[in-house]
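In this chain, numbering begins with 1 at the start of the sequence shown. Please read all numbers here as calculations on a predicted model, not as lab measurements.
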Amino acid sequence: MNCRERKSKISASRKLLLKSLMLAKAKEQWEQDQVDRQGEKERYLAERVTPLRTSGLSFAQLQDLCRELAEKVDIVDEERYDIEAKCNHNMREIKDLKLKVLDLRGKFKRPPLRRVRVSADAMLRALLGSKHKVSMDLRANLKSVKKEDTEKILHGMKTLSHSTCIAPPPPLASQCSFLLPRLSVIAIESLLYGHD
């Protein structure tokens, strides 16, 4: 495969022409939607609201008309308030039910986490705080074992394996736990006894 970028099959001028045609079509559709919405709004208002005829009415009749309109406005406001309260109540209920579903499933949305390399010392410092000075340097523990001690133990194990006793030799861990860390003991046992 070539490392060069692929050339598009459409020229730049053709792309520009297509983009401008798409934008013109989108603008035309948006304007048509606006006209349709306005027409629907006017039709709805014509059905619901009757035109007022105030010409030729006396002062008392105008006052009665104003009272009727004020009563209608109050009724509409009460209905709007009731619908708003029901809507808010339903939204709270939906939110509570969603939380219950998440609790029952036991799965929560977890944010995407990045992998961060942290040393064992840094992790312990973060968990225990800066007051505790704990070192997890395992290599230092392994290097502290002297070569002479391991040779003595290995020699002792060979003499035990060549002895004529029928019972198997005692486990190596009980003999040398005071000399070697546990990891070294397991490694020596696996070498001697062939355990994996």
- Item | Set of side-chain contact (heavy atoms from CB on, under 4.5 Å) partners for Glu93, sequence neighbours left out | His89

- Message: Could you work out, with side-chain contact (heavy atoms from CB on, under 4.5 Å) as the rule, every residue matching Glu28, not counting sequence neighbours?
- Response: Lys25

- Task: Could you list the residues that satisfy salt bridge (Lys or Arg N to Asp or Glu O under 4.0 Å) with Arg92, not counting sequence neighbours?
- Result: none

[X]: what forms a side-chain hydrogen bond (donor to acceptor under 3.5 Å, both in side chains) with it, not counting sequence neighbours?
| X | result |
| --- | --- |
| Gln32 | Asp36 |
| Glu40 | none |
| Ser58 | none |
| Thr54 | none |

- Can you tell me which residue pairs pass the side chain to side chain donor-acceptor pair (under 3.5 Å) test with a partner in residues 74-83, sequence neighbours excluded? Arg80-Glu84

- Provide the full list of salt bridge (Lys or Arg N to Asp or Glu O under 4.0 Å) pairs with a residue in residues 59-69, sequence neighbours left out, each pair given once. Asp64-Arg67

- Taken to the nearest 0.5 Å, the spacing of Lys95 NZ from Met91 CE works out to 9.0 Å

- Rounded to the nearest 0.5 Å, the CG atom of Asn90 sits from the CD1 atom of Ile83 at a distance of 11.5 Å

Please tabulate, for the side chains in residues 15-23, all donor-acceptor contacts under 3.5 angstrom to protein atoms that are two or more places apart in sequence or on a different chain.
residue : atom : partner : partner atom : Å
Ser20   : OG   : Leu16   : O            : 3.3
Ser20   : OG   : Leu17   : O            : 2.7

